[in-house]
Amino acid sequence: MQRYNPKEFEQKWQDIWDETGVYTADLASDKPKYIAMSMFNYPSGAGIHIGHAMNYTISDVKARYKRQQGYESYHPIGWDAFGLPAENYAIKAGVSPQESMAQIIPSYHKQYKAMGWSNDWEKEIATHLPEYYKWTQWIFWKMHEQGLAYQDARMQWWCEKDATVLANEQVIDGKCWRHDGPDDPLVQKKEVKQWFFKITEYADELLEATDALDWTESVKLAQKNWIGKSQGAEIDFKIDGSDDQLTVFTTRPDTLYGATFMVVAPEHELLDSITTDEQRNEVEAYKKAAQLKSELDRLAEKEKTGVFTGAYAINPVNGQKLPIWTADYVLVGYGTGAIMAVPAHDERDEEFATKYDLSIVKVIEGDKLVNSGEFDGQIIKLAQENIVNMLADKGHATPKTNYKMRDWSVSRQRYWGAPIPIINCPEHGAVRVPEADLPVILPELDDFQPSGDGRSALARATDWLKTTCPECGGPAERETDTLDTYICSSWYMFRYFDPRNQQQIFDPEIVNKWAPIDFYNGGDHATAHLLYARFVTKFFHKLGIIKHTEPFKQMLYNGKVTASDGSAFSKSKGNGIDPLEIINSGYGADALRTYLMFAAPLEFSARWDPQGVPGTHRFLNRLWTLTQEYLEASAGDTTKEQDKDLKRVTHQTIKKMTEDLERNTYNTAIATAMAAVNDLYKLKAQALAQSPEWKEALEALIACVAPFAPHTAEELWHQLGHSTSVHKDSWPTYNEEYLVQDTITLAVQVNGKLRGEVQVAADADEATAVAAAKANQKVAGYLEGQTIRKTIYVPNKLVSFVV
RNA sequence: GCGCGGGUGGUGUAAUUGGUAGCCACGAGGGACUUAAAAUCCCUUGCUCUAAAAAGCGUGCGGGUUCGAUUCCCGCCCCGCGCACCA
């Protein structure tokens, strides 16, 4: 008998699948389509880790299941190749990102194949190739054309030594990642001109479409909070002794009479002009301090701070003079960057008022207004409208909807990204590169250090940089910013349907057939990536190149794999698990895949259990042994009684596993397969022959296990005599008639407590069941001398007596 | 602080509509095979009491609804994750 040794056949089948192209999707097929995919991968030198193994196996199982069910199933593959790590590596090691990617990506091919993932390699994409980023640039081009791309200044982290912008993750403990010695300076903040996409124009549309999505609920909620819609009003406060006015946003205009001071953010544009001379030094010092604080410092700060500006604002409802303060608990990026403070009804304002001894006026009691002039006694809700209307009539207020979400900052002062297709002309400003000239090719460099003038290394590629203005033909320079990599990943799912198209971003006809993505999963990016992808899809829809308005039909936000103690795996701890090591140690990819899908529900984080893979390996070994014994058994029939049991086990297993795969409860699907193997072992002990019933039982089980353990299933499938792959059109269907049992067990309760069990014929009626229950010796003991007040009968479940 | 999950054996978990709590697996114990070990196969395994049976207890805690609650309602405790001063 052959022993179960995955090393002997996993690689063999991977090669055969490659050669025969079983996983190549025919996008023109007449079959119903299905596309399952996981969020794509950033290829780093470290190779795949156990988290990748988890993520991609989830979508692979789904794609395989659907392929077996007869769908034209597509499990695409691509690389999110632009990004900071490759650039950092280039700066430190001097290896160009192009070169590292050319080495890293092929090594990923091997690793993905070793995992047994059913990717369609013919349609592979990579975001750093000109054939791809041409269309990333085109999206910017179209956004600009449609008035959805604009430039504005924003504060950025800045390293004085390199004279360059830093990303958040390049700031470590307040210092630049490359200059973190004791003598190195803290990072600064500097205003830098950036490109933005007007995602806020789509805020309502995105918000309203969220509820209907078949997505993990927590992600939908995170998106709604991220968009952060709130209704309120903007109210103008005149500044005492000046023509200026201070506009604030509030969701509680009903508390206007309780406003006792105003607060503006340290970055507020009016701060300098309203500050009085006496207060100027203090305000300047506070502004500087706020600017220097790292985000960590601000977070760590428990106590609120602030300084008085010396200025006063006039409350438009009652003419009261309110002192204007500046404090960093008011954020410049939200609302108008200024608030009216109502300490009686806002915790933060109260804390501030108490600390600085500012007055507190209560204006709400119960649900009614007090101390509010003509509005006294009004219900809160009504008063909100009335106060805004009254002020609006005088031109002091505007009803306003506010969003937490801000426009998408899409430019990066980086080399390793898609160049922004803009030419800066001294005459005509920022001019789009003519559409026909796309892509703007990223020039190859030797030195990837930032240029030293705040621009990326691209500023040194002088041949590339110097060009002519498309408008006037005069000398001009290319934009040296590159595009945020979130743009690359906001549209890649559609490129999968037409990856080699040179004429357009994709053929709308193919995309309209294949979109949306039927199944998408990942354990990250609950907001940014998923929201950007939705935004870009809606943009494409407006452009008329796609009929859908949402990219992902179903989205599963899966849990992570953690160390045995529940902590995250980390490089510094060196406690990572290498999937390839486990495969090569002899357990094979199938046991690893099956364990990952079995350990916990997909939405939960799964703790790594060193005994887990040996456990699933044992299960696959049992299935293997069973098949070998069947192959060695003699032809013939088994008893009618056994055939019935075989049929029942087989069809129950098919039913349960089909349902579980459909609703993404993979762990219980695998438990069902394990139970089936156990049942078949018991039946085997009675008799094993090459009967049609045994053949059906094994084939069905092997087909149902195939999504999880594709190599083992394929090997056994062929051993059973098939010449075509188990991975296409092999999913068995179940027949209800085999599920019924002759006798069933009913629970018998007395006063809600279980007192016995009785066997009755499956088709027994209520009277028979109740009689059988009463006849049970133990139950009779409890019923003796009692009056049965009520009898409850639940078919197939129980009989319950109330005495 | 706010929001979202979750709390079930020694452990990961299951229980799909309010109906026999603990499927499946890990671990543990026992047995078979073996010179031996590994592997494999079989059995036991929520707790208490017990030789066993029987009985009692048991899904974070306290109440409630119900013939019957892991499931529904009210109040509380704890853990994890996300966002973090959002006016």
Side-chain angles (χ1 to χ4, degrees), chain A residues 3-4 216-222 224-226 228-230 232 248-252 255 259 263 265 295 298-299 301-302 304 327-331 333-342 345-349 351-352 402-405 526-527 557 559-560 562 564 566 594-595 598-601 603-616 618-619 621-622 625 656 659-660 663 665 667-678 681-682 685 745-757 778 788-803:
Chain A
R3 294 195 54 175
Y4 179 59
T216 301
E217 284 301 317
S218 61
V219 174
K220 288 162 65 168
L221 215 93
K224 287 202 233 173
N225 291 339
W226 183 274
K229 182 176 184 170
S230 59
V248 304
F249 173 74
T250 178
T251 54
R252 298 294 305 275
T255 61
V263 185
E295 271 179 39
R298 279 206 191 190
L299 273 177
E301 237 165 55
K302 281 273 175 277
K304 299 199 182 338
D328 63 6
Y329 81 91
V330 171
L331 308 175
Y334 184 75
T336 63
I339 62 160
M340 60 176 212
V342 185
H345 305 288
D346 183 287
E347 263 181 58
R348 291 153 302 164
D349 295 347
E351 201 186 309
F352 195 83
N402 205 36
Y403 298 90
K404 229 192 279 188
M405 182 168 73
T527 45
Y557 195 71
K560 295 187 165 67
T562 68
S564 315
T594 307
Y595 166 65
F598 177 64
E603 298 84 350
F604 288 26
S605 71
R607 292 185 181 203
W608 180 257
D609 177 0
Q611 300 300 330
V613 174
T616 47
R618 209 167 293 152
F619 155 65
N621 182 35
R622 277 163 73 79
T625 304
K656 176 83 167 109
E659 287 168 358
D660 283 347
R663 63 193 179 109
T665 51
N667 57 330
T668 54
I670 293 166
T672 304
M674 287 172 169
V677 167
N678 294 346
Y681 262 63
K682 292 202 177 78
T745 306
L746 292 180
V748 185
Q749 296 182 345
V750 179
N751 284 346
K753 286 208 179 224
L754 181 72
R755 295 303 182 186
E757 286 179 352
K778 260 165 66 182
I788 297 173
R789 290 192 290 127
K790 200 173 163 191
T791 301
I792 295 139
Y793 171 66
V794 183
N796 295 318
K797 302 265 183 189
L798 59 68
V799 178
S800 181
F801 298 108
V802 186
V803 297

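Sequence lines set the chain letters: A, B, ... in the order given, protein chains first and strands last, and positions in each chain run from 1. This is a predicted model, so every value here is computed, not measured.
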> Kindly write out the residues that satisfy ring pair (Phe, Tyr, Trp, His ring centres under 6.0 Å) with A:Y403, not counting sequence neighbours, or none if the list is empty.
none
> Under 3.5 Å, which N/O atoms of the protein pair with N/O atoms of nucleotides 5-12 of chain B?
residue, atom, partner, partner atom, Å
B:G12, O2', A:A599, O, 2.7

> Pick the C1' atom in B:G75 and in B:G10, then give their distance to the nearest Å.
32 Å
> Between the protein and nucleotides 16-18 of chain B, list the N/O to N/O atom pairs that are separated by less than 3.5 angstrom.
residue, atom, partner, partner atom, Å
B:U16, N3, A:R663, NH2, 3.4
B:U16, O4, A:K656, NZ, 2.3

> Provide the distance between the two P atoms, one in B:A39 and one in B:G29, to the nearest whole Å.
14 Å
> Is there side-chain contact between A:Y334 and A:I339, with heavy atoms separated by less than 4.5 Å?
no
> Quick check: closest heavy atoms across A:A265 and A:V330, and the distance to 0.1 Å?
CB-O, 3.3 Å
> If I pick the P atom on B:A38 and the same atom on B:G27, what distance separates them, to the nearest angstrom?
13 Å
> A:N667 side chain N/O closer than 4.0 Å to the phosphate oxygens (OP1, OP2) of B:A14?
yes
> Quote, to the nearest angstrom, the P distance that separates B:C61 from B:C78.
15 Å
> Check the interface with nucleotides 40-49 of chain B: list each N/O to N/O pair with the protein under 3.5 Å, or write none.
residue, atom, partner, partner atom, Å
B:C41, OP1, A:R622, NH1, 2.9
B:C42, OP2, A:R622, NH1, 3.3

> Looking only at atom C1', what distance separates B:A53 and B:A36, rounded to whole Å?
41 Å
> Is the base of B:G9 syn or anti, if syn means a glycosidic angle within 90° of 0?
syn
> Output yes when at least one side-chain N/O atom of A:Q749 is less than 4.0 Å from OP1 or OP2 of B:G68, else no.
no
> Between A:K753 and B:C57, is there a side-chain N or O to OP1/OP2 distance below 4.0 Å?
yes
> Regarding A:L798, tell me which of base, sugar-phosphate or nothing describes its non-hydrogen contacts under 4.0 Å with the strands shown.
base
> Starting at the 5' end of RNA chain B, what dot-bracket string do you get if Watson-Crick and G-U pairs under 3.5 Å are bracketed, crossing pairs use [ ], other-strand pairs use | and unpaired bases use dots?
(((((((..(((......[....)))((((((.......))))))(((......)))..(((((..]....))))))))))))....
> Report the residues that fulfil ring pair (Phe, Tyr, Trp, His ring centres under 6.0 Å) with A:F619, sequence neighbours left out, ordered by chain and then residue number.
none
> Does A:R755 put a side-chain nitrogen or oxygen below 4.0 Å from OP1 or OP2 of B:U20?
no
